[in-house]
Amino acid sequence: MKILFYDMGSYTYQDFIFYLKKAGHQCKTVYYRFSDRFEDDFFDCRFSRYLTEDSYDAVISVNFFPLVARQCEKHNIPYLAWCYDSPLEERLKEYFSCETSYVFLFDRIEVEQYRREGYTRVFHLPLAVNTGRLDALTFSPAQIAAWRADVSFVGKLYDSPLEALLYPADEYCKGFVEGLIQAQLRVYGYNFLEDLITDELLERLNDSFRKIGQTAVSLNRRGLAFAIAAQITHLERTFLIEQMGELYDTHFYSAQPYDFATPVKSCGLVKYLTEMPGVFRYSRINLCPTLKSIQSGIPLRSLDILGAGGLLLSNYQPELAEYFEDERDVLLYESMEDAFVKADYYLKHEDLRKEIALNGYRKVCEEFSYPDRIREMFETAGLA
């Protein structure tokens, strides 16, 4: 097939395009970074010209872009978008009904929610990993020495806007939200935030903004749920990293500086393609608490860890437990206490730790390959 690939700098672009070309597809890539991905006259004009001046069997992108969807519908060309972000921005769903669009999400529960709302062009497709590229990476002795650690975390701590959203709220609203935070912190495998955010709570919060003259602010259920989820993720990640730092040689890799209360080594950024896999490979345990708003799916970072041969320590996720066996392929915790118990045990049992990491690597090689995922995408879109 002849494919036009749109990209704006995604993590998985290189692996995706590699396997498309390996399968014999002709691919041309358009790079463009939106200032506003909902309205951009220059992009509309230019992308329309690409679709008019040549003939393509499909347009593909990593993540979903409404302007691409609109142009593909206008030119009657199938548009396949495979997303590693979750949850998607609420406004994007307005474009899911484009007749030529096929939207692939890695979180099954998120897909089911869209389906219940009538968006039938949204499909479940777990993410993939290019173990061949990762296997071929080599690192210098200095890099290996720098990356060796008992426990490492690579990623964001998340800055939630929740404090600002609750600033004008009354004590009832603040107490209700704090109760939601404490309850969801203790539950893994089921996200109940949107279910428990009531219309009364939203009205009281929006009324509190109106009382201080902030009439432009209007909270909805999904937006508040995401702010709460980000706050929970921040609390969980910082607590786990700090406690690991108290007990073990713990490294923190992020663009976001943070002053931990324990001797955690802050190591700054690592490059996704060339350095991050080395961190995963040479860290004895890789801590990866999932963003709380990801309800069931396996995030890209978890697969990155496993594909690099690292041992994954993650919170329980339904789809992780579906594909991987706890304490055989990965380590899954169901409470903060469980995370520390498992980290301590496997740091003291090196042979078992290595065996689990190897099993996890083998599982992603078998069940999370790009060729299999691409084949499923094309079959779903009627292109195979």
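We're numbering straight along the sequence, starting at 1.
With sequence neighbours excluded, no residue forms a ring-ring contact (aromatic ring centres under 6.0 Å, His included) with Y361. Taking the ring-ring contact (aromatic ring centres under 6.0 Å, His included) definition, one finds that Y19 meets it with Y370, sequence neighbours left out. Here Y346 pairs with nothing under the ring-ring contact (aromatic ring centres under 6.0 Å, His included) rule; sequence neighbours left out.
Put simply, V111 and L320 are part of two different groups of oily side chains (I, L, V, M, F, W, Y) that touch within less than 4.5 Å, one to the next. Taken together through direct or relayed side-chain contacts under 4.5 Å among Ile, Leu, Val, Met, Phe, Trp and Tyr, F34 and Y31 form parts of separate hydrophobic clusters.
With hydrogens and angles disregarded, no donor-acceptor distance shorter than 3.5 Å links the side chain of E73 to the backbone of T100. Within the 3.5 Å criterion, the main-chain N or O of C173 finds no donor-acceptor partner in the side chain of E178.
Contact detail for I294 and Q317: the closest heavy-atom pair is O-NE2, 3.4 Å. Counting all heavy atoms, side chain and backbone alike, L180 lies closest to L196 at CD2-CB, 3.6 Å.
Figure legend: R91 and F38 shown as a cation-pi pair, the cationic atom lying under 6.0 angstrom from the six-membered ring centre and within 45 degrees of its axis. Geometrically, R353 does not engage Y345 in a cation-pi contact defined by less than 6.0 Å to the ring centre and at most 45° from the axis.
Among residues at least two apart or in separate chains, ring-ring contact (aromatic ring centres under 6.0 Å, His included) pairs with a member in residues 292-332 are Y323-F368, F324-F368. Sorted by first then second residue, the ring-ring contact (aromatic ring centres under 6.0 Å, His included) pairs that include residues 197-237, not counting sequence neighbours, are H234-Y258. Here ring-ring contact (aromatic ring centres under 6.0 Å, His included) pairs that include residues 268-292, with residues two or more places apart or in two chains, are Y11-Y272.
By the 4.0 Å N-to-carboxylate-O rule, E110 lies too far from K93 to be salt-bridged with it. A salt bridge is absent between E334 and K342: the closest approach of a Lys/Arg side-chain nitrogen to an acidic carboxylate oxygen does not fall below 4.0 angstrom.
Of the listed residues (L201, D195, L202), just one forms a side chain to side chain contact (heavy atoms under 4.5 Å, CB included) with T198, and that residue is L201.
For the residue pair E194/Q113, the side-chain donor-acceptor check at 3.5 Å is not satisfied. Side-chain contact, D7 with T29: no donor N or O sits under 3.5 Å from an acceptor N or O. Side-chain atoms of Y79 and S61 form a donor-acceptor pair, as typed in the model, at a separation below 3.5 Å.
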